[in-house]
Amino acid sequence: MRRLHAALLVAAACALPRFAVVAIERGDLLSANTEKSDDFARILVSDGTFGFLPGIPSAYTQPLYTFFLAPLYWIFGRHWLVVGLAQTLVAVAAALLVLEIGRRIASQRVGIVAAVVTTVHPYLVWHDVHVNREILDTLLAAGIVLLTLVTAERRSWRWAGALGLVSGLAILGNSRLVLLPLVLLGYLGWRLRSWRTIGAVAAAGLVAVTLVLTPWVVRNRVSVGCYALTTDARALWKANNVQTYDILARGGWIDDVPNLPGAQLSPEFQEAIYRDRGELIEVDECAQMRFYRGLVTDFWREHPGEKARLAAQATGMLWSPTFTVERKETYEGLVGLVKQFGEPAYMLALYAAALAGLFVVSRAFAVLAVSLLAYNTLAAMVFAGNVRYRVPWDFLLALLAAAALARIGRRRA
């Protein structure tokens, strides 16, 4: 099959089911299950302020997804078809990157199988077209893997610079990836072995990451009052306190953790009160960030056993083949059947094939895949585990599984 035909096949496998979901969901894409990036994008378009309220700058979320939505809203308006089609195109781009990775590590056949397996993931087919920032996480993660492979093969500081730029964008989309460049640098150091080449690659990559992150961090210092990627340390506290384990164990989520009595209100509450009563309450995001960050470090120091329990729980929730955080009323109709039976069956088969694939692919790719999956697991242990935090990296499992299936096919032939 020619490369163009392979790309068209993968694009069709990705786009067609998502078009169907967009047609079915329609208005629900923007009326349910949205996140604060959507609010930020609307304010940015209408007022020019990155925040919950006009004229009040905020750093209470990672900015990348807001910067993705805002141009769409400004040019085309905030419409379900605009968001659904734009995010479908992003999903197609991610699938094509997986195709290229598979072609590079094995063959075009492996790339096609891996891309199709990735893109028909039942969870992603539904999730990709709704308002969620993980749609960009998947694209950037695939770009990071491809650029890491190219950098290692060509031993080029220019490709390392491109890798740094993409890694910086990924961090702006997901602050849990802030230490990922160090993992990539360690992997490249293992592959390259030459201190001179490693130095050039490290310098180019880290400079590029810094160039991407610095404007946003400095903006927060000037507009909000502190150097930070995000001031939402409250989310980290909700995932690290003595009540979290029991709430998650009974099927809740960290948002169900009760607020601290007397604690300063968050910018989200500031917005809610203003919308409801027209009353503007002053909020110091930087002070709140330092306050909750202190509570988290106190919890880690004073309750190490409880934190170990939370870390184990987060790992289980991250890698669970079922949905660990779902309302029971969502298990209705065809969507309910897919969630209850289709998703677990898909993931169990993928896990089994990916495990076999570790013994089929090259050692270089196996080490990269395991390193990235391990980092994502460690990030979940620090914060919290959920299916939505794993799926951006599930394409690595699909690549391993596709390699195993190709080996089985060759043996049978």
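Quick note: numbers below take in every heavy atom, side chains included, and nothing from hydrogens, waters or symmetry partners.
Residues Gln288 and Ser266 bring no donor and acceptor atom of their side chains to less than 3.5 Å of each other. Side chains of Arg18 and Thr119: a donor on one and an acceptor on the other come within 3.5 Å. Counted by atom type alone, Trp157 and Thr151 present zero donor-acceptor pairs between their side chains at under 3.5 Å. Side-chain polar atoms of Gln87 and His130 form no donor-acceptor pair below 3.5 angstrom. For the residue pair Gln62 and Thr230, no side-chain donor N or O sits within less than 3.5 Å of a side-chain acceptor on the partner.
Ion pair Asp38/Arg78 flagged as a salt bridge, since at least one NZ, NE, NH1 or NH2 atom sits closer than 4.0 Å to an Asp/Glu carboxylate oxygen. With salt bridges taken as basic N to acidic carboxylate O contacts below 4.0 Å, one links Arg133 and Asp137. A salt bridge links Glu100 to Arg3: one of the charged nitrogens lies within less than 4.0 Å of a carboxylate oxygen. Taking the charged nitrogens against the carboxylate oxygens, Lys36 and Asp39 have no contact shorter than 4.0 Å, which rules out a salt bridge. No salt bridge links Glu153 with Arg191; every basic N to acidic carboxylate O contact stays at or beyond 4.0 Å.
How far NE2 of His79 is from OH of Tyr73: 12.0 Å, rounded to the nearest 0.5 Å. With rounding to the nearest 0.5 Å, the separation of CD in Gln264 from OH in Tyr292 is 8.5 Å. Atom-to-atom distance recorded for Ile101:CD1 and Ile144:CD1 is 10.5 Å, nearest 0.5 angstrom. To the nearest 0.5 Å, the span separating CG on Asn174 from CG on Leu140 amounts to 10.0 Å. Separating the CG atom in Leu206 from the OG atom in Ser167 is a distance of 9.5 Å, to the nearest 0.5 Å. Here CG of Leu184 is found 6.0 Å from CG of Leu372. Values are rounded to the nearest 0.5 Å.
Here the closest heavy-atom approach between residue Val117 and residue Ala398 is recorded as CG1-CB, 3.9 Å. The shortest non-hydrogen separation linking Thr49 to Pro54 is OG1-C, 4.2 Å. For the pair Ala142 and Val98, the tightest heavy-atom approach, listed with the atom from each and the gap, is CB-CG2, 4.5 Å. In terms of heavy atoms, Val242 sits closest to Phe299 at N-CE1, 3.7 Å.
In terms of modelled atom types and a separation under 3.5 Å, the side chain of Tyr123 and the main chain of Val391 share no donor-acceptor contact. Judged purely by atom type and a 3.5 angstrom limit, Asp246 has no side-chain atom pairing as donor or acceptor with the backbone of Gln243. Distance alone, capped at 3.5 Å, is enough to place a donor-acceptor pair between the Arg26 side chain and the Ala23 backbone. Side-chain N or O atoms of Thr297 include one that pairs as donor or acceptor with a backbone N or O of Gly294 at under 3.5 Å. Remark: side-chain polar atoms of Ser107 are not paired, donor with acceptor, to backbone N or O of Arg103 under 3.5 angstrom.
The environment of CZ in Arg301 is crowded: more than 12 heavy-atom neighbours from other residues, nucleotides or ligands sit within 6.0 Å. Counted within 6.0 Å of CD on Glu282, heavy atoms from surrounding residues, nucleotides or ligands total 12 or fewer; the atom is thus considered open. Atom CZ of Arg104 has more than 12 heavy atoms from other residues, nucleotides or ligands within 6.0 Å. Remark: Trp393 CH2 is packed, more than 12 non-hydrogen atoms of other residues, nucleotides or ligands lying under 6.0 Å away. Within 6.0 Å of OH on Tyr274 lie no more than 12 heavy atoms contributed by other residues, nucleotides or ligands.
Ring geometry, Tyr187 versus Trp190: the interplanar angle falls from 30° to 60°, so the pair is classed tilted. Using cut-offs of 30° and 60° for the angle between ring planes, the Phe67 and Trp216 rings count as perpendicular.
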Test log, rule side-chain contact (heavy atoms from CB on, under 4.5 Å), inputs Phe68 and Leu64: CA-CA 6 Å; Phe68 170 78; Leu64 187 65; 5.9 Å; no
Full working for side-chain contact (heavy atoms from CB on, under 4.5 Å) between Gln313 and Leu248: CA-CA 8 Å; Gln313 184 187 50; Leu248 296 180; 3.4 Å; yes
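In this structure, Arg176 is positioned above the aromatic face of Tyr389, its NZ or CZ under 6.0 Å from the six-membered ring centre and within 45° of the axis.
Listed by first and then second residue, the disulfide (SG to SG under 2.5 Å) pairs involving residues 210-279 are Cys226-Cys286 (not counting sequence neighbours).
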